[in-house]
Each structure stands twice: as structure tokens, then as C-alpha cells.
Amino acid sequence: MGRNRGGFKEFGLKENILKAVDDLYFETPTPIQQETIPLALEGKDVIGQAQTGTGKTAAFVLPMLQKINTDLKDVQGLILTPTRELAIQITSDIEELAKYMDIHAVCLHGGRDIQAQMNKLAGKVHIVVGTPGRVLDHLHRETIHFGRTRVLVLDEADKMLEMGFQEDVETIIATTPRKKQTLLFSATMPDRVKQLAHRFMHQPPHIRIGLKQLTSEKIKQVYYVVNQSDKTEELVKLVQNLSPYLCIIFVNTQKKVDFITDQLLQEGLDAKALHGGLSQNKRERLMNEFRQIKFQYLVCTDIAARGLDVEGVTHVINYDLPSDAESYVHRVGRTGRAGEEGLAISFVSPRQKPMMRKIESVIKQSIEEGILSQSTKSGTKPITNVTQNRKPSVKTIAKSTEKGAQSSASSSSTKERKESSGVSNKKVKPGYKKKLAAAKQREEQKEKRKKIQKKINQQLKNNRRKG
Ligand SMILES: Nc1ncnc2c1ncn2[C@@H]1O[C@H](COP(=O)(O)OP(=O)(O)OP(=O)(O)O)[C@@H](O)[C@H]1O
């Protein structure tokens, strides 16, 4: 019998789903799950809007799993996402939640061999998670059919439209049956998306949770006015004083991402660059390494802004201000997830102050202006507080290790899951080697965390001495 899964049990979810929920230590449904899961289980179309990091993924994955008939080999669930990284992560979440079911999920995105994807599609596939371009490509090749699709999810729909995927999304929707369920989820829901939603959905209730302000109360937000020419120097000083556990630094162009990463490396900081100019293999490897805390600073473009859920991100820094308020919401939402605390810092040039005001009006919250010279000299209180409070628990670290280890897998059949973990089960008790590998990985992570923490403690001591 599970621990305390009262709320999830009340949804009437199948026992093998509840068991997986239990394994993830989800004790009670989050408010968005509480509100949307019953409606989705009833078969209603739903628009779900809730702050970042509040469990929207499980809110659409759980009802979808409940509805899949594993005896059939048709694609019954389709999830479209704006970025490859997010498609991979959702596939990994499905693998976790469907681990006691014979459900086959395939992740389809660009940058991966199309023939290999076609081979997978020739077999049993219940759920497709993908980016619109590659999904459409398979439709054109007739290697995929959505004639029996019962549930369609548009995750981060506003980003898909912003990226110019509207036509692709509409073409894909046109190949799905009229009679199906459509679920649309995001933390931000501009009017354009609502209009699209109303064209494709049947009187969907719009469930909004905690939207007095768009960003989580758990994320402390601050901005500093910095001249363009001083930004890199100030960034280095700032992160040296912040001592984050894991930190994501958002920059607007690929070239600048590389430049800033180099600067951080030259200062002895453990940084890596992530952007769309890298090969798909490298992108996936980097994300896995970051999840496994193999480096501390992820410098990236907006490809990491949407939906990515990495345990232990204590700080987000907008080295460049994003071009719109929605992107700001999603970027800062990479920290302060699942009830944890986080600190989001933005560099704003004097000319960009009106943009900051606009962001404040959209997120319905005022953002504190910090004084950089003070914070870089002595380390500000909120920053060190966040770092100290924010070590991920053993439970959640174990969870994120598993997520990371699986996230490069593109298919979730049991057999392929074993292959993707690099563990052969021949001649040993089933699951034994896998458990051993996971334990080893956890041990390595613990060591890495210890090292980072030692560095942080040392820096904090130095700051105190200086202060
Ligand atoms: N009921 C629950 N109890 C505890 N943790 C949960 C629960 N539901 C989800 N989580 C965890 O909360 C974290 C955030 O969830 P998720 O990634 O689904 O957020 P999200 O709302 O989709 O965020 P974003 O808007 O950034 O995409 C994940 O690590 C997830 O495993």
C-alpha cells in the first residue's frame, strides 16, 4: 500500500498508475492537478494555466495514461511541445509514470535520425511526444497516423505559436479525429492562444491557479541596472558572491552564450554552453550532465526556458532581458519549482528600464531594484539564504537522477528503457544491475554535491570575512 496518496486515489486512477505516482513521492495533487485531472478524466477539453513548476505535466499525463488501451497498437495520445528538450523531458516523465504499464511512448523531434524514428513508429506506439516540425514530417511520409488519437495535448502552446509553428500545429490537428479530447497547458496564456484554443476545443473550462501574480511567490526577483559594457564583469563578480547550487544564465544570442561561458571558465567557474547551434547529441548530453550536477552554471538561450525541470536550480540570471514578458515568466520559472525557493536576477541597461516596467505590469508584481555594488561586495542576504535553504532532498535528487538518466531515451518500451540505461539484464535477477547502476550514479552525485557545497561554504566564509 502506498504512503499518502489519498488525493490521487480519489481520482480513480488505475492501481499501476498510483504505484508509479507513489514511487515519485507525490503525496497530494498540486492545485492544478486537483482541478484539471477530474475534468480531463471525464473527457472534457481543458485549458490549464498555473505558475511554473506546479506540476502541469502530470496534470495531463496522468489522465492520458488512464485512457490508453494497451491492447491496441494505435497512437492514442499526442503531445506537442515547442522545444526538443521539453519533448525529451515529457517522454521521460511518461516513462516514470507509466513504468508499471505496457505503454509505448515515442519522442519525435528534429536533430535525430528520421529512419530510426520510422522504425520505432512501425511498432506499437501509444503516445507520441514531439515538436511540430518533425511530427509533420512523419505525417507527410505517412509513417504516422493520428486517426485513432483520443487525447491531444498542446503544451506551452503560446511558445509554439510564437516560434511560428501555428500552421504546422493546425495541419497536425486537422489529421486527428474530430471527436477527441484536447488539453492545453501553459503558465502564460496570451489572447492569441485562447483564440486558437476556442477554434479547436469544445467549450473548454479555463482553469487558472494562483494567478494573482504570474510568477511563483517562492521566486525572489531582483534586477540590477548595469551598463551593457560592464555586464560580463558584473556577472562574474555576482556569481562568485552568490554561490548558487545550480544556476541557469539566460543570454539572447548563441554567440554571446559561447562568449560568456568562456569568460566564466576563465574565472575557474564550472560552466557549459547550451544553444540551438549545438548538435542534438551534445544538447542532450549537456542537459543530462546538468541534471546530474556535473557542472554548476548552464549558460543558454531560450531553448532551456520552457518547461525544463531540473532539481537544484537555486538561481536564474537574465544576463540579457528577454524580448517579452512571457519569456521572462518562463525563464525565472526554472527556479523555485515544486514548492522550493529560488532567486531570479535580471541585468537591465538604463535604457531597458521601461521594459522592466512592462514585465512588472504583465506579471502583476513589482520587482525589487538591487544595488549591484553592494551585493557584489558583500553578498546580499536573500541570495545566501536561498543557497542554504535549497539543497535538494535525497528523495528529489534520486528522482532527478532517474529523470536525467532516462531523458535521452527516445522510446519508453520496457525493453528500450533497459537498453537506454546501458544495463543488460541477462543472467541476473531482473532489475538488479539497473538498481546497482542507479545507486552508483547517486553516489557519484553525492560526491559532486559535497564538492560544490564545500566550495560554497568556503565562499560564504570568505564573504563573511570580507563583510
Ligand atoms: N503532486 C506532486 N507532488 C510533488 N511533486 C510534484 C507533484 N506533481 C509534480 N511534481 C513535481 O514538481 C516539479 C514541477 O512539475 P512540472 O515540471 O510538471 O511543472 P510545470 O507546471 O509543468 O512547470 P513549467 O510551467 O515550468 O513547465 C517536477 O519535479 C514534478 O516531478
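Just so you know, these numbers come straight off a predicted model, no measurement behind them. Ligands are counted one by one from 1 in listed order, and the atoms in each one are counted from 1 as well. The first residue of the sequence shown is numbered 1, and numbering continues consecutively from there.
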List ligand 1 atoms under 4.0 Å from [X], heavy atoms only on the residue side.
| X | value |
| --- | --- |
| E156 | 27 (O) |
| T57 | 16 (P), 17 (O), 18 (O), 22 (O) |
| A338 | 12 (O), 13 (C) |
| T54 | 19 (O), 20 (P), 21 (O) |

Exercise. I would like to know whether K67 and Q181 meet side chain to side chain donor-acceptor pair (under 3.5 Å); could you show each step before the answer?
Key: CA-CA 11 Å; K67 283 169 191 235; Q181 180 178 34; 3.3 Å; yes

Exercise. Output yes when E284 and R84 qualify as a salt bridge under the 4.0 Å nitrogen-oxygen rule, no when they do not.
Key: no

Quiz item: Would you call K19-D22 a salt bridge at under 4.0 Å N-O?
Solution: no

Self-check item: Option set E340, R337, E27, Q89, criterion heavy-atom distance to atom 16 (P) of ligand 1, minimum
Solution: R337

Quiz prompt | From the candidates F26, F185, F60, the one that places a heavy atom nearest atom 10 (N) of ligand 1 | solution = F26

Quiz item: For ligand 1, which part of Q33 has a heavy atom less than 4.0 Å away: the side chain, the backbone, both, or neither?
Solution: side chain

Quiz item: Looking only at heavy atoms of R306, does any of them come nearer than 4.0 Å to an atom of ligand 1?
Solution: no

Quiz item: Picking from T188, T52, T215, what satisfies side chain to side chain donor-acceptor pair (under 3.5 Å) with H330?
Solution: T188

Self-check item: Side-chain H-bond candidate by donor/acceptor type, N69 with H126, under 3.5 Å
Solution: no

